[in-house]
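Here is the naming used below: chain letters follow the sequence lines, and residue numbers restart at 1 for every chain.
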Amino acid sequence: MDPYPARFTGRIPVATARAAGEGLEPGDEADGQVAVAGRLVARRGQGKTVFADIEDRSGRMQVWATLDRLGPDGLALIAEAHLGDIIGVRGAVVRTRRGEVSVAAASVDMLAKALRPPPDRHAGLRDPETRYRQRYLDLMASEEVREQFVTRARAIAGVRRFLDDRGFIEVETPALQPIYGGAAARPFVTHHNELGRDLYLRIATELYLKRCLVGGLDKVYEIGKDFRNEGVSFKHNPEFTMLETYEAYADYEDVARMLEEMVSQAAREATGGFVVPWKGGEIDLTPPWRRVRLVDALREASGIDVLEHPDAADLRARMREAGLDAPDDAPWPKLVDGILSQALEPTLVQPTILMDYPLELSPFAKRRADDRRLVERFEAFCGGMEIANAFSELNDPDDQRERFAMLQADRAAGDDEAQPADEDFLVALEHGMPPTGGLGLGIDRLVMLLTDRHSIREVILFPAMRT
RNA sequence: GGGCCGUUAGCUCAGUUGGUCAGAGCAGGGGACUUUUAAUCCCAAGGUCCUGGGUUCGAAUCCCAGACGGCCCA
């Protein structure tokens, strides 16, 4: 017997086979035969009769194996199979005297022998380390975990459908970049042997997607992995999935409306509604979301008006007065971000859009005409996490050049997350980029919200672990 | 970065004051059983108690260091 045969023909999902037996009375047998296959998850031996449960993605089904129908070799195969083996069964659909729709096995095939045992059927797999490192065991042991990742796929499909329906085109831009940019983060560095030079794994797709806008693609999006060389936490994985969209002739308020609709549609496709459970309460994603100016929200949460403390040392002192952590080497934008993350972000459970950020925090956003210290930018928060970031994109190449210079000053002042200037991108801007509304949406965090999971590791199949 | 907790059989877990304390259930092995539903019954087997030091007559247990993981805080 080959324990790993190449094929098993004619298979149907067990849910389909079960449906064929729904109308049967106990003791009845349907006409014809079906072929089903799946992992052996339980077996109840009775000597010359064996009951076995097999499971595929569609569900679970009982196999009724008797010496009369199978003969000694076939019965031995199923009687001696291990839990975890993948077997194929052909036979009539019946309803047993106890009322269970089953396949009365006429033949049994070993399709894949398992050499290692599956997790305990009743206790499941609880050790979080094994769950993450050997996710296949977690999936094998838990229908709920399998469903978790189906929900993730549905949410992403919902986002894609939403954007495709609105005329966006999906594009792919380089993950290996000669210079990184588009976010404040430290990159991973890798090396190209033939070119003899270091390359960076992207920390964002922003600067390449904007090049697409310069070229006239007008409405583009990319869903893909970004890589940030930072610590891991309940909401950080070094590689994570990001959506970025750019729409010509839109501004950040247009983008805010699109975000609300997109997220609520994804929620409906993934979970069936706009209201999702969250940490014992619920989050209502129904548009419109609350909007508040960032500086007002910061003042309400911390008592600090950041625009009244434009000097880093001054702001640092004020923060410490208020009991907030303010590192000595942090430049002004980092300090403002510190107030946001410490005092404000955890309070933003219901969806909230914070509008109008200080220019220093936002090197790619267009200034507000009415207040040159602020830019047309929002971030959306939900469940105490940032989930999205959007601007009216800066398309003035001279202003952009100045912003890069500011970043270099931050870098010199000790901010190792400040990104280098990208001359090639500036050349692209000099060719003219239309006024554009851009958006970044953290897909992993969105999935956390939609599935009431409080660790990013629960929504990433194979999260980063120490080796 | 800090604090707390955890790591014992393939899985889920017990293990008292430092002394018959190497244990159970399930899985796996042998046997009985032709309608079971976590089937049942009998038998046997299964260990780097995370790693390395230390204290002690004696350590899964106490101390120190480390690894990995979880939670909380910053």
Return a single string for nucleotides 38-43 of chain B, one symbol per nucleotide in 5' to 3' order, where B is base contact, S is sugar-phosphate-only contact and - is none, cutoff 4.0 angstrom on heavy atoms.
BB----

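- Residues meeting the ring-ring contact (aromatic ring centres under 6.0 Å, His included) test with A:His454, sequence neighbours left out: A:Trp278.
- A:Asp296 and A:Arg299 are joined by a salt bridge, as a carboxylate oxygen and a charged side-chain nitrogen come within less than 4.0 angstrom of each other.
- Partner assigned to B:rA39 is none, using Watson-Crick or G-U wobble distances below 3.5 angstrom.
- Here B:rU37 is the nucleotide among B:rA27, B:rU37, B:rU35 with the atom lying nearest to any side-chain atom of A:Gln62.
- Taking a pair to require two hydrogen-bonding distances under 3.5 Å in either a Watson-Crick or a G-U wobble arrangement, B:rA27 remains unpaired.
- Residues A:Leu67 and A:Pro119 each lie close to RNA chain B; by heavy-atom proximity, the contact nearer the 5' end of the strand is made by A:Pro119.
- Ion pairing between a basic and an acidic side chain is recognised when a charged N comes within 4.0 Å of a carboxylate O; A:Glu55 and A:Arg39 show no such pairing.
- Annotation: salt bridge (Lys or Arg N to Asp or Glu O under 4.0 Å) contacts of A:Arg268 (sequence neighbours excluded): none.
- Comparing the C1' positions of B:rU48 and B:rG29 gives a spacing of 24 Å, expressed to the nearest Å.
- Base pairing annotation: B:rC71 forms a Watson-Crick or G-U wobble pair with B:rG3, both donor-acceptor distances under 3.5 Å.
- Taking the charged nitrogens against the carboxylate oxygens, A:Asp68 and A:Lys48 have no contact shorter than 4.0 Å, which rules out a salt bridge.
- Between A:Arg95 atom CZ and B:rU37 atom P the separation is 17 Å, expressed in whole Å.
- Salt bridge status for A:Lys334 with A:Glu417: present, with a side-chain N to carboxylate O gap under 4.0 Å.
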Nucleotide by nucleotide, 5' to 3', does protein get under 4.0 Å of the base (B), only the sugar-phosphate (S), or neither (-) in nucleotides 68-74 of chain B, counting heavy atoms?
SSS---S

What pairs of nitrogen or oxygen atoms, one from the protein and one from nucleotides 44-46 of chain B, lie under 3.5 Å apart?
none

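- A distance of about 10 Å separates the P atoms of B:rU8 and B:rC13, rounded to the whole Å.
- Under the ring-ring contact (aromatic ring centres under 6.0 Å, His included) criterion, A:Phe378 pairs with no residue at all, not counting sequence neighbours.
- B:rA27 and B:rA38 have their P atoms separated by 13 Å, with the value rounded to a whole Å.
- Look at CZ on A:Arg18: it is 12 Å from C1' on B:rU37, rounded to the nearest Å.
- For B:rG47, there is no paired nucleotide, since no Watson-Crick or G-U wobble pair has both relevant distances below 3.5 Å.
- Of all nucleotides listed (B:rC13, B:rU37, B:rA27), B:rC13 comes nearest to the side chain of A:Arg126.
- Nucleotides B:rU7 and B:rC49 place their P atoms 14 Å apart, quoted to the nearest Å.
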